[in-house]
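Keep in mind that this is a model prediction, so the values were computed, not measured. FYI, side chains are in, hydrogens and waters are out, and symmetry mates aren't considered; it's all heavy atoms of this structure.
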Amino acid sequence: MITAEQIKQLSTAEKLQVIETLWQELTAEGADQLASPAWHQQALQQTDHAVKECDEVTHDWELAKQSLRNKFR
């Protein structure tokens, strides 16, 4: 198991890769295993409304991840 101290020693790019790997593992277990907090539905509705009103800019997820990887390399 990786410790908090080991994580502190990672570069930003490595930390982002750890986050991505953890997320992939969590989602592979199934969405029903991941319970959203009660406030999450309201936040999603607010964001959806902002997007529909053109008050929010959206980005392709794959492109956003690649941009972050490039930024922190």
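Gln24 and Thr21 form no side-chain donor-acceptor contact under 3.5 Å, judged by distance and modelled atom types alone.
Side-chain heavy-atom separations under 4.5 angstrom define the hydrophobic clusters, and the remaining members of the one that includes Leu10 are Ile2, Ile7, Val18, Leu22.
Of all the heavy atoms in Ser36 and His40, the pair that sits closest is OG-ND1, 3.4 Å.
Considering only residues two or more places apart in sequence or on other chains, Lys71 meets the side-chain hydrogen bond (donor to acceptor under 3.5 Å, both in side chains) condition with none of them. Glu62 pairs by the salt bridge (Lys or Arg N to Asp or Glu O under 4.0 Å) definition with Lys65, not counting sequence neighbours.
A donor-acceptor pair under 3.5 Å is formed between the side chain of Thr47 and the backbone N or O of Ala43. Although no hydrogens or angles enter the test, the distance criterion places no donor-acceptor pair under 3.5 Å between the side chain of Glu53 and the main chain of Ala50. Between the side chain of Gln9 and the backbone N or O of Gln6, no donor-acceptor pair lies under 3.5 Å.
Interatomic distance, Gln41 CD to Asp48 CG, rounded to the nearest 0.5 Å: 9.5 Å. Between the CD atom in Gln46 and the CH2 atom in Trp39 there is a gap of 10.5 Å [rounded to 0.5 Å].
Between Glu20 and Lys15 no salt bridge is recorded (no basic side-chain N to carboxylate O distance below 4.0 Å).
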